[in-house]
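Heavy-atom basis, side chains included; hydrogens, waters and symmetry copies ignored.
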Amino acid sequence: LSAGTVVLALNVAPASGQEALKEADELDQKVSKLYQAGKYAEAVPLARRALELMEQALGPTHPDVATSRNNIALCMQSLGRSAEALPKYEEALAMYQRLFLGDHPEVAMVLNNLADCLNSLGRSAEALPKFEEALAMFHRVLPAGHLYIRVTEIGLGRALGNTGRYVEAEALLVPAW
């Protein structure tokens, strides 16, 4: 569901923790399939349970917990519940920023998701600096032409258009022929 899903570290948890991680991993796989199939309402409770299991096994500050928060937010936003998704994105972003100092693709991805959520809530002016920060970070950590760069450019273009900056928006939304 996210830019670069963090691999579960099964060797860091005790036996009961390993069982919880195994169940969380299975749930995450189901969530991913449901999300890809557009079955967001079915995915949310499974994603929430996976988050509970990860927090139990790994603690509240592990990168997989941040990924799980982001994934719940993606499902909620896809259901049109952006107001509920927003705090999950904010929590995931804060966690990633503490875990990964400096530029990191996970930080950029959640920044992009948070910006998209703000934009969908009609808060495009707030979304703009987050899209710009995500785009700049993606340019620093990903190869030119990467899909996430283009996705973020489109989000930025939409936010620019929503704020009346049409010429700048067009430059991002209409690819050069």
Side-chain angles (χ1 to χ4, degrees), residues 1-6 28 31-44 47-48 51 61 63-177:
L1 291 177
S2 66
T5 304
V6 180
D28 275 342
V31 168
S32 181
K33 288 178 184 175
L34 289 168
Y35 183 86
Q36 291 172 4
K39 297 179 180 181
Y40 313 119
E42 293 177 44
V44 169
R48 285 189 173 141
L51 173 61
T61 61
D64 289 351
V65 172
T67 299
S68 196
R69 289 184 191 286
N70 179 69
N71 293 345
I72 291 170
L74 283 168
C75 291
M76 292 169 65
Q77 186 176 353
S78 296
L79 286 167
R81 294 165 45 189
S82 296
E84 292 176 65
L86 186 63
K88 293 291 184 201
Y89 285 132
E90 291 170 335
E91 291 166 7
L93 178 61
M95 289 175 73
Y96 278 137
Q97 287 174 325
R98 283 192 305 274
L99 291 164
F100 306 119
L101 301 178
D103 294 338
H104 194 280
E106 291 291 343
V107 173
M109 178 55 69
V110 178
L111 266 170
N112 177 72
N113 294 346
L114 175 60
D116 187 62
C117 188
L118 287 166
N119 199 38
S120 72
L121 289 167
R123 295 164 57 181
S124 300
E126 288 178 68
L128 285 173
K130 293 181 181 353
F131 275 127
E132 290 166 345
E133 184 179 354
L135 184 59
M137 193 177 299
F138 275 142
H139 277 295
R140 291 188 297 266
V141 299
L142 297 176
H146 194 282
L147 175 64
Y148 293 141
I149 292 172
R150 185 67 188 129
V151 166
T152 305
E153 288 173 341
I154 292 168
L156 176 57
R158 288 180 28 242
L160 287 165
N162 290 344
T163 59
R165 295 166 60 181
Y166 304 117
V167 173
E168 292 169 88
E170 183 179 26
L172 290 168
L173 295 172
V174 179
W177 297 100

Report task. Return yes if some donor-acceptor pair links the side-chain N/O of S68 with the main-chain N/O of V65 below 3.5 Å, else return no. Result -> no
Report summary line: So CD of E153 and CG of N112: to nearest 0.5 Å the spacing works out to 11.0 Å
Query - D116: side chain to side chain donor-acceptor pair (under 3.5 Å) partners, not counting sequence neighbours - result: Q77, R158
Query raised in the report: Which residue pairs pass the ring-ring contact (aromatic ring centres under 6.0 Å, His included) test with at least one member in residues 101-136, sequence neighbours excluded?
Result: F100-H104
Query - Partner residues of E91 under the side chain to side chain donor-acceptor pair (under 3.5 Å) criterion, sequence neighbours left out - result: R69
**Report entry** Interatomic distance, R140 atom CZ to L135 atom CG [nearest 0.5 angstrom]
**Finding:** 9.5 Å
**Report entry** Shortest non-hydrogen contact from I72 toward A47
**Finding:** CG1-CB, 3.5 Å
Query raised in the report: For the residue pair A92 and V110, what are the closest heavy atoms and their distance?
Result: CB-CG1, 4.1 Å
Report task. Return the minimal non-hydrogen interatomic distance between V31 and A43, and the atom names on each side. Result -> CG2-O, 3.7 Å
Requested in this report: Would you indicate whether the side-chain heavy atoms of L74 and Y89 approach each other to under 4.5 Å?
Outcome: yes
**Report entry** Distance in Å, L93 CG paired with E90 CD, rounded so as to fall on 0.5 Å steps
**Finding:** 8.5 Å
Query - Side-chain heavy atoms of T67 within contact of Y96, under 4.5 Å - result: yes
Review item, side-chain donor-acceptor pairs of residues 163-174, under 3.5 Å, at least two apart:
from : atom 1 : to   : atom 2 : distance (Å)
T163 : OG1    : A159 : O      : 3.2
T163 : OG1    : L160 : O      : 2.9
R165 : NE     : E168 : OE2    : 2.8
R165 : NH2    : E168 : OE1    : 2.8
R165 : NH2    : E168 : OE2    : 3.4

Query raised in the report: Hey, are N70 and N113 close enough side-chain-wise for a donor-acceptor pair under 3.5 Å?
Result: yes
Query raised in the report: So which heavy atom on A85 is nearest to which on A73, and how close?
Result: CB-O, 3.4 Å
**Report entry** side-chain hydrogen bond (donor to acceptor under 3.5 Å, both in side chains) pairs, two or more places apart, involving residues 121-131
**Finding:** N119-S124, R123-E126, S124-N162
**Report entry** Heavy-atom closest pair, residues Y40 and Y35
**Finding:** CE2-O, 3.4 Å
Query raised in the report: When rounded to the nearest 0.5 angstrom, what is the spacing between SG in C75 and CD in E42?
Result: 11.0 Å
Report summary line: Sequence neighbours excluded, the answer for side-chain contact (heavy atoms from CB on, under 4.5 Å) partners of H146 is L142, P143, Y148, I149
Query - Smallest separation among heavy atoms of A134 and L111, with atom names - result: CB-CB, 3.8 Å
